[in-house]
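Scroll down for the structure; my scribbles are underneath it.
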Amino acid sequence: MDEEENEGRLLEEGEAPKIPEEKFEYLDHTADVQLHAWGADLKESYEQVAMAMFNYMTTDYSKVEMKHVYEVEVSGEDLLSLLYQFLDEFLFIFSAEPFYIPRVVQITEFDTENFKIKAKGFGEPFDISKHPQGTEVKAITYSNMQVHADKEMHDVFVIIDI
Amino acid sequence: MRSYQEELKYLERVNDHCWHIKKGFVDNMKVDGYFFANSHLEKLMFDELRQSCNNKGFGGFLPGMKQIANVAALPGIVGKSIGLPDVHSGYGFAIGNMAAFDMSNPKAVVSPGGVGFDINCGVRLLRTNLHRRDVEPLQEQLAQCLFDHIPVGVGSKGIIPMTAQNLEEALEMGVDWSLREGYAWAEDKEHCEEYGRMLQADPSKVSSRAKKRGLPQMLVIRRKKMGIEFKDQVCVMIHSGSRGMGHQVATDALVAMEKAMKRDQIEVNDRQLACAHIQSNEGQDYLKGMAAAANYAWVNRTSMTFLSRQAFAKMFNTTPDDLDMHVIYDVSHNIAKVEEHFIDGKQKTLLVHRKGSTRAFPPHHPLIPVDYQVKENKLLGVDCPVGHEYPPWYPWTSMQDTGTEQGMVETFGTTCHGAGRALSRAKSRRNLDYTDVLNALQEKGISIRVASPKLVMEEAPESYKNVTDVVDTCHAAGISKKAIKLRPIAVIKG
């Protein structure tokens, strides 16, 4: 997606989605942290793992308000690279202008045949005077990345570099 | 999948401080793996392996031993894949893992997973002519002053003004850029590895995405910086890397190399070990981009040096010159470099990957700073590693070692980079209470400033391997010798 066009827009009244139930946890890893997310389908697991990543960057995720919406579009060559690109794209909008942290991530198109995702992030720019600093996630890794598409909980595991 | 007992058949103790990982431990091993560990440290390594066997392929992570072995399966590796005493599970290479690749072998590879995401993460040590008694009364104010001067933590932005043009130049020039802009002293670069500038850097090989991540982050500290003392003399240690910019360079290369691997039919055991032939376009582009990110990291450490000098001058109402705040050394522990080494008595040009490990060349080696080539002449330490990950609790928080001739043979002139983690950060956060940790620090007379108080648990002593074990193992194995020790008095952490 052309980054120049991804400037987001202000949310209209009543457009902010409901905050979903948390379906993720942080697992032990010696150096870094492993995200484990699950859901009713793979789409939900992917959404949850993105929120797990952002939740780690602030010690109080509830302080993030939904004022803006940003859209991202990514593609991959298989489920793993799709997940990698999806998380990397969201990490990028956090890490550079506009330093955007979504409170809710929603996937609007989830194409597991051509490996494409369109998604929206609802949130606001990260502001250290408002959002207590957590640990910065700096990169997504493929290390032992797992997508259990056939399991009941559609488990997804991602080790992130912090 | 093999059981833990079956896995053990591939592991053999060489001596009290070294283990051998035999071929067959993972597929396609071209050389053997070795890791250095004493009886305490080896337990942690075996725990990782046991835990991984118990997971039976659902979740979990690759144990360090498997990662060392996966590196041994990369094309063009020479000698052995080596885990230093602080080795633990990372991604791609283990953290504290080094490996060298033969530049004359067209199949030999470069892997961003062997450098790490935080390209040229490293440690710099500054001296002062202050003594403990000079600093003690002002210790808290000094910690606060350093904290105020230096932006730390997630979401912080740099305070030295940067434009896109500045960034291009900084990527190309490293410490020379800082010098030109007036942020460095001319002699600073003399004590930096590579003189603070990798010449093969090419900013055009750094994507606009990486630059966008880099621009706001110029000069933000990543982990920590310490005011520390050595024999009553106060020093400042700065630990940081290339942050978002380096990460994006690594991510971009990883994606490009995945495609190149299909084209060139390179197979690896772990997707995070994506790599490319050194001479391929992808390999060369990565090395040029990596060098640019390395230069960026040097500018960052130099800028922090500048701000530290200002903070000290302000607190002590004098000038950095009068405080004698010289750079003792600046070393990198996430980097790949072209070096000359002897393999079976023959000189070879190698691409040496050091991930979470530090170059430690012996005295007289032409690549170490000229002041340190003759041992008697050394200022303090030699071209050496520094323990950034040593938690502030240990009496020996940081150790400066000197490289050895034996290290040149055993580990391609490489030693540890820190204490290495023993406990996951997640577990540290769960099991420890930050007020206890802060109180313990206070009892030891250590001032601390953190971006968020909850992050302090990650630095608790339980989170790390015992630094004494790590350094003693390096010493006993002969890969580096203990030189001096530093004790923390103030810690500022992002």
Discussion item. Between B/Gln67 and A/Ser143, is the side-chain contact (heavy atoms from CB on, under 4.5 Å) condition met? List the steps.
Written reply: CA-CA 10 Å; B/Gln67 293 182 326; A/Ser143 191; 3.9 Å; yes
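- The OG atom of A/Ser81 sits 8.5 Å away from the NZ atom of B/Lys259 when rounded to the nearest 0.5 Å.
- Using a 4.5 Å cut-off between heavy atoms, B/Gln51 makes no contact with chain A at all.
- With a 4.5 Å cut-off on non-hydrogen atoms, A/Tyr142 touches chain B through its backbone and its side chain both.
- Contacts with chain B were tallied for A/His36, A/Lys151, A/His131; A/Lys151 has the most, counting heavy-atom pairs under 4.5 Å.
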Item to complete: Under the side-chain contact (heavy atoms from CB on, under 4.5 Å) rule, what do B/Arg243 and A/Glu136 come out as? Steps first, then yes or no, please.
Response: CA-CA 10 Å; B/Arg243 294 182 42 94; A/Glu136 183 168 11; 3.0 Å; yes
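- Using a 30° and 60° split on the angle between ring planes, B/Phe58 and A/His148 fall in the tilted class, from 30° to 60°.
- Judged by distance alone, with hydrogens and angles left aside, the side-chain atoms of A/Gln34 form no donor-acceptor pair with the main-chain N or O of B/Gly59 at under 3.5 Å.
- Taking CD from B/Gln272 and CG from A/Asp161, the interatomic distance works out to 9.0 Å, rounded to the nearest 0.5 Å.
- Annotation: A/Glu152, atom CD; neighbour count of heavy atoms from other residues, nucleotides and ligands within 6.0 Å does not exceed 12.
- Between A/Asn144 and B/Tyr91 the shortest side-chain heavy-atom distance does not fall below 4.5 Å.
- No part of B/Lys66 comes within reach of chain A, as not one of its non-hydrogen atoms sits under 4.5 angstrom from that chain.
- Within the 4.5 Å cutoff, the side chain of B/Glu258 has no heavy atoms near those of the A/Glu77 side chain.
- Taking CZ of B/Phe61 as the start and OG1 of A/Thr141 as the end, the distance is 12.0 Å to the nearest 0.5 Å.
- In this structure, the side chain of A/Asp88 does not engage the main chain of B/Thr251 through any donor-acceptor pair within 3.5 Å.
- Interface remark: B/Leu254 contributes side-chain atoms only to the contact with chain A (heavy atom separation under 4.5 Å).
- When all heavy atoms of A/Lys138 and B/Asp118 are compared, the pair lying nearest together is NZ-OD2, 4.1 Å.
- For chain A, no part of B/Lys211 is nearby; none of its heavy atoms comes within less than 4.5 Å.
- For CG of A/Asp150, the number of neighbouring non-hydrogen atoms (other residues, nucleotides, ligands) closer than 6.0 Å is 12 at most.
- Contact annotation for A/Asp127: neither backbone nor side-chain heavy atoms come within less than 4.5 Å of a heavy atom of chain B.
- When each of B/Gly60, B/Gly92, B/Ala250 is checked for heavy-atom pairs under 4.5 Å with chain A, B/Gly60 comes out on top.
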Practice prompt. Would you sort out whether A/Leu91 and B/Gln248 count as a side-chain contact (heavy atoms from CB on, under 4.5 Å), showing the intermediate values?
Written response: CA-CA 10 Å; A/Leu91 181 60; B/Gln248 198 64 47; over 6 Å; no
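- With A/Phe92 as the aromatic partner, B/Arg213 does not meet the cation-pi criteria of under 6.0 angstrom to the ring centre and within 45 degrees of the ring axis.
- Atom NZ of B/Lys43 is surrounded by 12 or fewer heavy atoms from other residues, nucleotides or ligands within 6.0 Å.
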